[in-house]
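Take a look at the structure below.
The chains referred to below are lettered A, B, ... by the order of the sequence lines, with proteins before strands, and numbering in each begins at 1.
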Amino acid sequence: MDLKTLANEIEDVLDPASMDKVLMYYKDVQEEDEEFMQILFENLRNETVYWLQPWYQLSGCLTRRLDETDEKNEEKYRSDPICKEEDEKIKKNWRKLIKKYGLPDKLISFARWKNKERSKNPNSNEERVRRFVASYLARGLERTVQQVFKYIISHLIEPSKRHYTAEEEKIMEVCFTHQPHNAVIYLSAILGREPRGIYKRLHYLFKGCKETKRLKWTIPLATKLVKSIMMHTGLPLEELKYQTFDKSVWLKVQEDMNQNYIALSKFWYTYLHVQIFANYDVKLNKLKKKVYRVLRESHYQVWTDIRWKDVLKHFPDGFTHLFLYKICSTTFVKHPNYLKIPIEKIIEIGLKKAKMIRFNNRRLKTLKLGDDGNLERVSYHLTKKKE
DNA sequence: GGACGACGAACGCACATACT
DNA sequence: AGTATGTGCGTTCGTCGTCC
């Protein structure tokens, strides 16, 4: 039985019998995981870590991040998101493990299983085995065991799911209607997704929040936003550069603008910040080419490896990583499989597009605060055009 | 007809609380 | 001292309408 079948069997979301069907499915999932974990607990009960582990892999704690307060070791581990190379290493470790111990290939069960009924004592057989497997997966990586464990939970189960399908929505509705209290637990297991997104859905449904409207940003509207931020922070424009604002400030701005503050802050950091603080003639095509140069000199293998905050370091004052990401991603989103193909290929495609004369002269619409306190366009190049 | 603007939502970190 | 559950917020990806 799969999700599609389950969704098809549900005729009426409001009918309590629908919840029973979902629960049956949940039980099946649990049983499947339990079965696999039994094999694991039996086969690996006497295994201990025999390979040398760096200090950051020695913690006895699988689900909580490393507490490194009094660490004097100079050996460091990485803290950025796990990249493609590491992903492959983890998968390779898993293949080695199942081969060595003759296990079924069900990493999903290992990731999905939760210790609810057994002893949580770190020295219990179950917890020791779990830690052993996670340590095995983390072998050879500059990562803590927790990082790797977390990674397989969110990625290897079913990589990159993105939007919910109609079937998923239906099943979610059933759980939200009949068992809102346990919905997240059930759904996370059934859909193979992180609980975070499901909590969010629940939150939207039952608590609601400030509505986001679709705005048409104009210079007067942007002026209003800038003035509002300046007023509530008490800072002059220049000091807003690269500033983060407290939520209390954003909430006041939200009221002034009558728009959800998250949308406002996104607009500020993605567009307006650059338009105000990049004080020179920015040709967008030239800018993109510079990004490609940075990418070429980096160690990134695929698009998802790119750390935009690091890319930003190569750019002059005023730019934000959100802006760079935005400018470049629009070039590639339409390209099939752009997340997976090698970065050299990406650069090649980008350079080819940059050559199209039609867009060659696009410039960033730079702004400044005029004498009257309103934003106005400023052109840094000589061939001034009509507004 | 491709690029851009503006947003929704998944992904992911960090931390808090409850329980054992 | 560990696990599971719950929450706030920043980052990244997808989509759709509009502009040029």
Ignoring backbone atoms, establish whether [X] has a side-chain N or O less than 4.0 Å from OP1 or OP2 of [N].
| X | N | answer |
| --- | --- | --- |
| A:Lys114 | C:dT3 | no |
| A:Lys266 | B:dA6 | no |
| A:Trp303 | C:dT12 | no |
| A:Lys353 | B:dA3 | yes |
| A:Arg130 | C:dA4 | yes |
| A:Lys288 | B:dC4 | yes |
| A:Thr330 | B:dC4 | yes |
| A:Tyr325 | C:dT12 | no |
| A:Lys309 | C:dT11 | yes |
| A:Thr63 | C:dT3 | yes |
| A:Gln259 | B:dC7 | yes |

- Message: Checking side-chain polar atoms at under 3.5 Å, does A:Asn374 have a donor or acceptor matched by the opposite partner on A:Lys227?
- Response: yes
- Message: Would you say A:Glu127 and A:Asn121 are linked by a side-chain donor-acceptor pair, where the criterion is simply a distance under 3.5 Å?
- Response: no
- Nearest-nucleotide pick for A:Tyr261, side chain only, options being C:dC9, C:dT3, B:dA9: C:dC9
- Measure from the side chain of A:Pro122, starting at C-beta and using heavy atoms only, and say which of C:dG2, C:dA4, C:dT15 lies closest. C:dG2
- Task: Any chance you could measure A:Trp113, atom CH2, to A:Arg118, atom CZ, to the nearest 0.5 Å?
- Result: 5.5 Å
- Message: Under 4.0 Å, counting only non-hydrogen atoms across every strand here, what does A:Leu322 touch: a base, just sugar-phosphate, or nothing?
- Response: base
- Message: Classify A:Phe267 by what it touches in the nucleic acid, base, sugar-phosphate, or nothing, heavy-atom distance under 4.0 Å.
- Response: sugar-phosphate
- Check the pair A:Glu238 / A:Lys241 against salt bridge (Lys or Arg N to Asp or Glu O under 4.0 Å), numbers first and verdict last. CA-CA 6 Å; A:Glu238 310 81 59; A:Lys241 197 202 282 182; over 6 Å; no
- Note on the structure: By nearest-nucleotide position on DNA chain C, the 5'-leaning member of A:Ile306 and A:Val184 is A:Val184
- Residue whose closest nucleotide on DNA chain C lies nearer the 5' end, A:Lys247 versus A:Asn115: A:Asn115
